[in-house]
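Here the structure is laid out as structure tokens; the discussion comes afterwards.
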Amino acid sequence: MISTTGTGCPHCGWPDGAEPFQVVSRHSTAAGRTEWTRCGCGSLQVRVVDGGGMRVVSRSGPAEPHSSPASR
């Protein structure tokens, strides 16, 4: 995928144009598709892929570490 923004994750620096750590879901749209992805740092991203390329249109902060019941 080619990023039209030329930026990276503000939390860890992973380039937007690189493959995401995890694709959470993909949805076809009339113009292309919307992808919900997760960065290596845990940030959830919404990517729009269409004739203009790929753009990250929204992202969350990094995932909070979860403690397991055994560690409490």
Side-chain angles (χ1 to χ4, degrees):
M1 281 188 238
I2 298 170
S3 173
T4 58
T5 59
T7 62
C9 177
H11 308 291
C12 70
W14 189 263
D16 285 346
E19 288 297 314
F21 176 74
Q22 177 185 28
V23 175
V24 178
S25 66
R26 273 190 184 110
H27 307 278
S28 295
T29 65
R33 69 181 183 268
T34 300
E35 297 180 346
W36 288 76
T37 64
R38 193 164 299 282
C39 184
C41 70
S43 170
L44 188 64
Q45 305 170 345
V46 179
R47 297 175 175 217
V48 172
V49 184
D50 58 19
M54 185 280 298
R55 295 176 308 285
V56 175
V57 295
S58 182
R59 64 175 106 224
S60 71
E64 299 270 334
H66 296 289
S67 61
S68 68
S71 66
R72 291 184 193 157

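All values below were derived from every heavy atom in this structure, side-chain atoms included, with hydrogens, water molecules and symmetry-related copies excluded. Remember, it's a predicted structure, so these values are computed and weren't measured experimentally.
Under the 4.5 Å side-chain heavy-atom criterion for ILVMFWY residues, a single connected hydrophobic cluster contains both L44 and V57. Hydrophobic clustering of Ile, Leu, Val, Met, Phe, Trp and Tyr side chains at less than 4.5 Å, counting indirect connections, keeps V48 apart from V23.
The SG atom of C12 lies 11.0 Å from the CZ atom of F21; values are rounded to the nearest 0.5 Å. For the atom pair CZ of R26 and OG1 of T34, the computed distance is 11.5 Å after rounding to the nearest 0.5 Å.
Here the shortest heavy-atom pairing between W36 and H27 reads CD1-CD2, 4.1 Å. Closest of all the heavy-atom pairs between E19 and W14 is O-NE1, 3.1 Å. The shortest non-hydrogen separation linking T29 to R33 is OG1-N, 3.5 Å. Listed here is the closest heavy atom pair of T7 and R59: OG1-NH2, 4.1 Å. A pairwise comparison of heavy atoms in Q45 and C39 identifies NE2-CB, 3.7 Å as the closest pair. The heavy-atom pair separating S43 from S60 by the smallest distance is OG-O, 2.7 Å.
For R55 and D50, the salt-bridge test passes: some basic side-chain N is under 4.0 Å from an acidic carboxylate O.
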